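Quick note: residue numbers are just sequence positions, from 1. First listed ligand is number 1; within each ligand, the first listed atom is number 1. Every value quoted in this text rests on a predicted model; they were computed, and no experiment measured them.
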Amino acid sequence: MSSPVSGAIGTPRVRVDAEQKVAGHAPYAMEHEVAEPAYVFVVGARIARGRVSEIDTAAAVADPDVLTVLTHENAPRLASDEDKELWILQSPEVGYRGQIVAAVIAASSEAARHGAEALEITYEAEEHEAELDPDGELYKPETVNPELPTDTEVGDFGAAWAAAPVKVERTYTTPMEHNNPMEPHASTAAWDGGGITIYDSTQGVHPTRATIAETFGIDLDDVRVIAPYVGGGFGSKGTAHSNVIVACMAAKALAGRPVRFSVTRQQMFAFTGYRTPTIQRIRLGAEPDGKLTAISHDAIEQTARIKEFAEQTAVPSRMMYAAPHRRTSHRLAELDVPVPSWMRAPGECPGMFAPEVAMDELAIECGIDPVELRIRNEPEVEPESGLPFSSRNLVACLREGAERFGWAERDPEPRARREGDWLYGTGVASSTYPVHRMPGTSARITRTADGYLVEIGAADIGTGAWTVLGQIAADALGADVDEVEVQIGDTLRPKASVAGGSSGTATWGTAIVRTAEKLRSEHGDEPAEGTSAEAEAEENEDDEKFAMHAFGAQFAEVKVNAYTGEIRIPRMVGIFAAGRIVNPRTARSQFIGAMTMGIGMALMEESVLDPRSGHVVTHDLAEYHVPTNADIQSIEVDWIAEEDKHVNPMGTKGIGEIGIVGAAAAIANAAFHATGLRIRDLPITSDKLLR
Ligand code: MOS
């Protein structure tokens, strides 16, 4: 191991956990071995607002296999009501339909479920409001996620809009959507004296530990969270939801005996978060040559009455294109609904759908090619902040994508290509996602007999963290990648940030690089066995000096059946500029996965909430459709070589989310090109193409 073998970054290393996963040996949250586990099944409220007046548990507890039933009357008391989403089984009040009102704990999962059915719960319902109505009561939140200004104005939008020779003014909508990771939210937990050990399906063991400690009023040291493998999250496991609290309560109630609790697929539509529906009004004012003079983006969304979640939908319009005058705003409707939460590229994903379709409409208005229109509006500096970009290769992505896709052969006229019963069309949209690095992440590296042990309390939610962190460590240590053992997914490892905001590799990688530097500077390039170092990732000073974003271009070909409106996506090309790519194999997989999810957003995904009951009625995969293999044809992904010295020591930008951004707009634009029908409301289903 003495020869400094560098260059692990950039190689297509096979996932270190691939064999374990394929063979079924990688344990997920419900599978960790514990002695004599009990099982939890929860019951959700049947009203959207009001209170539980009575819970009769007699029939349930008559079953000897039922160990106990937790309700607001007897559940362990929580220490903090700071987060009302987690303030569960503490009072009879009901804040949304499906909110957990009882938990049955039994010797088997069947007995728990049977016991839940035997509960007699009566409610006192109050009038509720569960429908997002743009003409209803709306309010302006203090900030939007993550603490960004709610409204902005640069220049004089009103005057510029009034004077604009070409105008596009349109309203677009995106529906409520739910994350559907293959592994549901699940935990195996045991309370031991004053503390708890929980195997949880989470995007962050340390953040989950902090939430549990605060909610139960116990020391951080008394909580251990373990998550070696996570079957997807997409944001839904980015912050702990009420199921985690119930799992801990059940474990506490049994005082020693472990419990297992898996949320059902249907319950995932009730209390584990969702993407808010959006109503977005876009105004683009331009010169006849397509140069934008005025941009406005006004977003309306919903939040829950019990807890505010203010998605940053209009934020991408603050940085995407040049225009001297612009305005953005966010307004929320406070409803008796479940709390919205994170879903892959919150903000940017729905927030790029509307403006990127509007850009297509402007291109047609001006008679300019939509790729060229975007290039013409490329800004020199970040429009609202005036900061230089640390790197920005949108134009390169558009040009490279156009080349690969064969854009030049496109007939600009819509409805120009028909083969048999099928109308063909192509469309383009831009993509972007900010570069984040989270605070408070450390790593520890120890020299072992045959290499290095790298420890960090990170989480691999299917992205490849186990694999790429070893590559980053190898280069930082001047070691061979096979000499590096990585250990993650446990709060016994140094504190690390959440796998969210596409910040994982950037944040954890920085901590690993700094730790390797410390080890080498204190102990030389050949440290003695047992030597170790621990260091924390610093905050990025360049954050104040540069605007940092990843960019991309999405191209889609669609075919629409002229008689049935059936829509298919034969081909997509995504070209991204996201800094240095640590592992082309896992990166390609991330991009393809996100573009696939983009196809789901474009054509299928829609959670239907019945406003009369507050119930999400499309609460399973038979009603809520996501793409299957048969829906996906050719997806080609590549990236622009990009060097960025400002983002972090590795020069990486996040890649987990950008692949979904812009995909739905490219498909909507292609659907227009195929049919001449402009669909402004997602998803684009056959009925809308038969107008
Ligand atoms: Mo992702 S929605 O930032 O976990």
Got a donor-acceptor contact below 3.5 angstrom from the [X] side chain to the [Y] backbone?
X      : Y      : answer
Glu334 : Tyr139 : no
Gln20  : Asp17  : no
Ser262 : Ala186 : no

Inset, instruction - Give a yes or no on whether Glu539 atom CD has more than 12 heavy-atom contacts from other residues, nucleotides or ligands under 6.0 Å away. - result: no

Inset, instruction - Heavy-atom cut-off of under 4.0 Å around ligand 1: list whichever protein residues fall inside it, by chain and number. - result: Gln203, Phe234, Gly235, Trp342, Met343, Arg344, Pro346, Ala499, Gly500, Gly501, Glu657

Using a 3.5 Å cut-off and no angle test, enumerate the donor-acceptor pairs between side-chain atoms of residues 593-606 and protein atoms at least two apart in sequence or in another chain.
residue: Thr596; atom: OG1; partner: Ile592; partner atom: O; Å: 2.7
residue: Glu605; atom: OE1; partner: Tyr624; partner atom: OH; Å: 2.5

Inset, instruction - Working to the nearest 0.5 Å, report the span between NE2 of His206 and CZ of Arg493. - result: 10.0 Å

